[in-house]
Amino acid sequence: MGALAEVSHILFQVTEGVELAALRLHAESVLAELLAQPQRFAELAAINSNCPSDAQGGSLGQITRGTCVPEFEKAVFAAQAGAILPRLVESRFGLHIVQLGRKFDGQALPFEAVRENIAQALQRASFDRAVRQYLQLLVGRARISGIDLPGAGTPLVQ
């Protein structure tokens, strides 16, 4: 509980029609420039980033565990505070150059302190799964014309 990191990034977004090798080469050249001149991070974020955070010099502010995509979060919380990560971070959004500010690792809580939260999360997950299965059953039984719905007219596998 309580893990927190100040993070800035430059996103090189992977989009249709963009050649990944060329994008990676460009991202790596910007990273090399930043490793040599870290004070230019905000400037280069404003020029290169495909994220709205470019207007704030790439700043994402403070993030906690569970607020970012797992691959990005893993790299952030494994890195040392106060540095630019020496390699690109790949996520489903693209390639990131990441700069960490302050970082607090947080602490593990005793099971008794989180027992109720765990029970509620498992109950919500069970309910969500039941609703999803029920909706699949309804869609499978539906006879709708004029639009194609995935699963409509196909029996639910049980």
Side-chain angles (χ1 to χ4, degrees), residues 1-28 30-31 45-79 81 84-85 87-158:
M1 175 179 182
L4 181 75
E6 293 175 347
V7 181
S8 296
H9 80 140
I10 300 173
L11 172 63
F12 299 88
Q13 190 174 20
V14 176
T15 56
E16 196 172 317
V18 172
E19 186 183 328
L20 184 57
L23 184 67
R24 182 179 301 281
L25 189 62
H26 176 63
E28 287 174 348
V30 174
L31 176 59
I47 295 168
N48 292 284
S49 188
N50 296 112
C51 178
S53 67
D54 65 349
Q56 292 82 38
S59 176
L60 296 174
Q62 297 177 340
I63 66 167
T64 57
R65 289 193 185 275
T67 57
C68 296
V69 293
E71 52 275 30
F72 186 83
E73 180 181 296
K74 182 179 179 183
V76 165
F77 286 102
I84 295 174
L85 275 64
R87 61 175 177 77
L88 297 174
V89 175
E90 294 185 32
S91 79
R92 64 190 79 168
F93 298 109
L95 306 170
H96 306 259
I97 296 174
V98 179
Q99 180 181 48
L100 257 62
R102 295 179 295 170
K103 186 174 116 182
F104 304 96
D105 291 328
Q107 62 184 358
L109 296 176
F111 177 71
E112 290 306 318
V114 294
R115 173 186 293 237
E116 186 60 31
N117 291 345
I118 292 171
Q120 289 174 1
L122 290 172
Q123 188 174 23
R124 278 192 308 273
S126 176
F127 178 79
D128 290 348
R129 182 175 180 187
V131 168
R132 223 175 7 263
Q133 287 175 341
Y134 179 66
L135 291 173
Q136 284 178 337
L137 180 65
L138 291 178
V139 168
R141 291 181 179 169
R143 299 294 172 245
I144 300 171
S145 60
I147 188 170
D148 290 328
L149 292 176
T154 354
L156 183 65
V157 178
Q158 299 201 11

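Source: prediction; values computed, not measured.
- Listed by chain and residue number, F111, V114, L122 satisfy the side-chain contact (heavy atoms from CB on, under 4.5 Å) test with I118 (two or more places apart in sequence, or in another chain).
- Taking the ring-ring contact (aromatic ring centres under 6.0 Å, His included) definition, one finds that F77 meets it with nothing, sequence neighbours left out.
- Closest non-hydrogen pair, V69 versus S91, comes out as CG2-CB, 3.9 Å.
- E90 pairs by the side chain to side chain donor-acceptor pair (under 3.5 Å) definition with R24, not counting sequence neighbours.
- Looking at E6, its side chain does come within 3.5 Å of a backbone N or O of R102 through a donor-acceptor pair.
- Residues satisfying the side-chain contact (heavy atoms from CB on, under 4.5 Å) criterion with T67, sequence neighbours excluded, are I63, T64.
- Residues meeting the side-chain contact (heavy atoms from CB on, under 4.5 Å) test with F127, sequence neighbours left out: V131.
- Side chains of H9 and V76 form no contact here, defined as non-hydrogen atoms less than 4.5 Å apart.
- Once rounded to the nearest 0.5 Å, the distance linking CG of L11 with CG of L60 reads 9.5 Å.
- Contacts classified as salt bridge (charged side-chain N to carboxylate O under 4.0 Å, His left out) and involving residues 124-135 (residues at least two apart or in different chains) are not found.
- Applying the side-chain contact (heavy atoms from CB on, under 4.5 Å) rule to V89 yields the partners F72, A75, L85, R87, H96, V98; only residues at least two apart in sequence or on another chain are considered.
- A salt bridge (charged side-chain N to carboxylate O under 4.0 Å, His left out) check over residues 46-55, counting only residues at least two apart or in different chains, returns nothing.
- A donor-acceptor pair under 3.5 Å is absent between the side-chain atoms of S59 and the main chain of S8, judged by distance alone.
- Contact detail for Q13 and N50: the closest heavy-atom pair is N-OD1, 3.1 Å.
- The two residues A81 and G101 make their nearest non-hydrogen contact at CB-O, 3.3 Å.
- Of all heavy-atom pairs between G94 and V14, the closest is CA-CG2, 3.7 Å.
- Applying the side-chain hydrogen bond (donor to acceptor under 3.5 Å, both in side chains) rule to pairs touching residues 108-122 yields E112-R115, E116-Q120, sequence neighbours excluded.
- Sorted by first and then second residue, the salt bridge (charged side-chain N to carboxylate O under 4.0 Å, His left out) pairs involving residues 57-77 (not counting sequence neighbours) are E71-R92.
- Among I10, I97, L95, the single residue meeting the side chain to side chain contact (heavy atoms under 4.5 Å, CB included) criterion with L31 is I97.
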